[in-house]
Amino acid sequence: MANPGKELRGKVAIVGVADTEVGVLTGRSPMDLGVEAALKAIKDAGLKKSDIDGLITCNSMAQPLMYHAEATAEYLQIFPRYCMAVGAGGGTTFTAIHHAASAIATGMADIIVIAMADCMRSGLSREQALQVQASTGHPEFEQPYGPTVPAYYALIAQAHMAEFGTTQEQLAGIAVSTRQHAANNPTAQMRDLITVDDVMSSRMIADPLHLLDCSLVSDGGSAIVMCSAERAADLPHDPIYIMGAGEGHNHEHISAARSLTTSAAKEAGERAYAMAGLQSSDMDFAQLYDCFTPTVLVELEDLGFCTKGEGGAFVDSGALAPGGSLPVNTHGGLLSHSHAGNPGSMFALTESVWQLRHTAGERQVPKARHGLVHAQGGIMSSHTTLVLSREAS
Amino acid sequence: MSAPELTKILPPDTELSRPFWEGCRNQQLLMQQCKDCDRFQFYPRIVCSHCEGEQLSWQPVSGQGSVASFTIVRRGISKAYEAPYIVALVDLKEGPRMMTTVVGCDPESVAVGDTVEVQFEPWGSDLVLPVFSKR
């Protein structure tokens, strides 16, 4: 493998984290939520806003701004030397973490806040909501056939079922275990336990995906603060180190995917593990991007938690549930905690920090040392894997 | 409901792919073929994505293929799309994969691996789209 980025391993830590409330937040703007999350995260880090010299945001669909990060800095009245808005999708925005880490390691910024928020639930006009649907898909050779966002992911699920015999019940099992985690999280949007039968009897959206195979639509914001490992030593919380980071990019449009059932999560994971010097079996939990249940299935396989084609059986084993061998989406994921659009995977990141600080309360994974966070954007197109740890060596 | 919603989504007109849509109007499925490596590619590009050859020509293909995957959309993307309908990925005999729909059968009867054949369906204004039917 090429240089896996080991120069960055353990050099940068997450030192502050915060989420806003999530769900239906009528009257709150994405900017308000992003700023609230940023200020809370800065406070959590034991820092002042004047300490911040780097800012990364993502644009919001409900309140699109040409210069989003700059507008956020202005709102906060901070004057960073490193400032940008990233990405366009729920998983691609999260790639910002290793860019920020590189900027810190190279001295382009000392303390970076990454703050993201959107109001997908109460902030979108009809036109904006339609545009969200239409923003995926090749405008010339896919969109005319009327694919919806769930339909794109259904193509992946259907191919996996045909190739490996995966069942709808196994997909449903992912929604069920995710809800079990959410039930332990007072901040999750959906906390009532569900069964495989509940998923199977919920309305079919795009075969084989039922309503409960699909993530939520939410308002919310989330932020983290990052700095060098040296600086982190003086701050109040246990630093959570970025040990590995890897990306993988396979396609943008699902009709051009090299494979429907193996994604570039495989390369992203291999790169992150190589940088971290750790492997899948070292992970005490995994937060896997779950916009729809089949993404979790494919990510479990591609990230090496089970072999290709065995994702369904792995779900059946109970591994993903609270107390299982690999708790997945311990906050409740996009399926049950919240899905605020572009900021979506940030909540998996803040949750991972709480897990590794050992402050996750009722849902704490006992003695968690290492955790994996994975996000994907597009239609299983662009992937980023992070390996986080409470130990820098 | 306002009028635009009753219009199906139309592909933007581009000079590069105009021969493709012209072919559809003439009931012919055309794909770009590279003179250097003989491969077909879809969607159309300014170079061969395999060998970077720049000598691309539009050639008719068989219109025969198989269903690589599909879904039955139960909630249509707009009023212009009456659910249930199929969104499918079809692998053409000549290699390229394309998104399309399968028509002329009970959506429930479609399966991965089904062999299908192209046909052409008017799609609003003067546009004709390639769709597929089971053989």
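To find a chain, count down the sequence lines: A is the first, B the second, and so on, and within it residues start at 1.
Using a 4.5 Å cut-off between non-hydrogen atoms, no part of residues 303-310 of chain A approaches chain B. For residues 334-342 of chain A, heavy-atom neighbours of chain B at less than 4.5 Å comprise no residues at all.
Both the backbone and the side chain of B:P130 come within less than 4.5 Å of a heavy atom of chain A. When heavy atoms are compared at a cutoff of 4.5 Å, A:A157 does not approach chain B at all. With a threshold of 4.5 angstrom between heavy atoms, A:A162 approaches chain B through side-chain atoms but not through N, CA, C or O.
The 12-atom threshold is not exceeded at CG of A:D192, counting heavy atoms of other residues, nucleotides or ligands nearer than 6.0 Å. Atom CD of B:E54 is surrounded by 12 or fewer heavy atoms from other residues, nucleotides or ligands within 6.0 Å.
Note: A:H138 NE2 to B:M99 CE = 11.0 Å, rounded to the nearest 0.5 Å. Put simply, CE on A:M204 and CZ on B:R75 are 14.5 Å apart, with the number rounded to the nearest 0.5 Å. Once rounded to the nearest 0.5 Å, the distance linking OG of B:S69 with NE2 of A:H160 reads 11.5 Å. A:E140 contributes atom CD, which lies 10.5 Å from atom OH of B:Y43 (distance to the nearest 0.5 angstrom). To the nearest 0.5 Å, atoms CG (A:L260) and CZ (B:R97) are separated by 4.5 Å.
Here A:Y145 and B:Y81 keep their ring centres 6.0 angstrom or further from each other.
Heavy-atom pairs under 4.5 Å with chain B peak, among A:A206, A:P150, A:P144, at A:P144. Ranked by heavy-atom pairs under 4.5 Å with chain A, the first of B:V131, B:I72, B:L89 is B:I72. Contacts with chain B were tallied for A:G137, A:A154, A:P147, A:A257; A:P147 has the most, counting heavy-atom pairs under 4.5 Å.
For A:P139 against B:P12, the heavy-atom pair with the smallest separation is O-CD, 3.6 Å. Smallest separation of non-hydrogen atoms from A:A151 and B:V73: CB-CG2, 3.9 Å.
Side chain of B:Y85 to main chain of A:G146: a donor-acceptor pair is present (N/O by atom type, distance under 3.5 Å, no hydrogens or angles).
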Which is it for B:I9 and A:Q143 under the side chain to side chain contact (heavy atoms under 4.5 Å, CB included) test, yes or no, and what are the steps along the way?
-> CA-CA 7 Å; B:I9 298 168; A:Q143 288 181 21; 4.0 Å; yes

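In this structure, B:W21 and A:F141 have parallel ring planes: the angle between them is below the 30° cut-off, well short of the 60° mark.
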